[in-house]
Amino acid sequence: MILRRIDWPNPQAVAFYLTEFSQQMPSVEWFQQQLAKIGYAVPEHGELDQATRNVLAAFQMKYRPQRYDGEPDAQTAAMLLALSTQFNR
């Protein structure tokens, strides 16, 4: 059996990106691209459809279980960017 380490967003990076995304939210297409980059199967058409909401909710449930409504927000964007930059190292 192969165990895979679960990556967690760097808290300092999340805090840094949160200040940016609190002022300017990225597009739905950006959220879809970031989710796909870290391995989530998500449509990449720029629409906030039910499939995208479901994938966002799954991501939020894993990394921010206190609120997983499937809505794009600044904290979710910050966690996504922190994780995707960690994956690209």
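Source: prediction; values computed, not measured.
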With a 4.5 Å limit on heavy-atom distance, are the side chains of Phe21 and Met79 in contact?
no
Closest non-hydrogen atom pair between Gly70 and Leu48, with its separation
O-CD1, 4.5 Å
Heavy-atom side-chain proximity of Leu56 to Glu71 below 4.5 angstrom
no
Do Ile38 and Val14 belong to the same hydrophobic cluster, where Ile, Leu, Val, Met, Phe, Trp and Tyr are linked whenever their side-chain heavy atoms lie under 4.5 Å apart, directly or via other members?
yes
Working to the nearest 0.5 Å, report the span between CG of Leu18 and CD of Gln23.
10.0 Å
Can you get from Tyr68 to Val42 by hopping between Ile, Leu, Val, Met, Phe, Trp and Tyr side chains that sit under 4.5 Å apart?
no
Could you tell me if the side chain of Phe59 sits less than 4.5 Å from the side chain of Leu83, heavy atoms only?
yes
For residues Glu47 and Thr52, is any side-chain donor paired with an opposing acceptor at under 3.5 Å?
no
Taking the side chain as every heavy atom from C-beta outward, state whether Val55 and Gln32 have any pair of such atoms under 4.5 Å apart.
no
Short question: side chain of Gln60, backbone of Thr76 - any donor-acceptor pair under 3.5 Å?
no
Shortest non-hydrogen contact from Met25 to Ala74?
SD-N, 3.4 Å
Measure the shortest side-chain to side-chain distance between Leu81 and Trp30 over non-hydrogen atoms and say whether it is less than 4.5 angstrom.
yes
Pairing donors with acceptors under 3.5 angstrom, does anything connect the side chains of Gln75 and Arg64?
yes
Please name the pair of heavy atoms, one in Ala36 and one in Glu44, separated by the smallest distance, quoted to 0.1 Å.
CB-OE2, 3.4 Å
Working for salt bridge (charged side-chain N to carboxylate O under 4.0 Å, His left out), residues Arg67 and Asp73
CA-CA 11 Å; Arg67 188 174 129 222; Asp73 58 53; 2.9 Å; yes
The test is side chain to side chain contact (heavy atoms under 4.5 Å, CB included); show your working for Tyr63 and Leu80 and say whether it passes.
CA-CA 10 Å; Tyr63 293 105; Leu80 274 168; over 6 Å; no
Heavy-atom closest pair (Trp8 atom, Gln86 atom, distance to 0.1 Å) is O-NE2, 3.0 Å
Please round to the nearest 0.5 Å and tell me the distance separating atom OH of Tyr17 and atom OG of Ser22.
14.5 Å
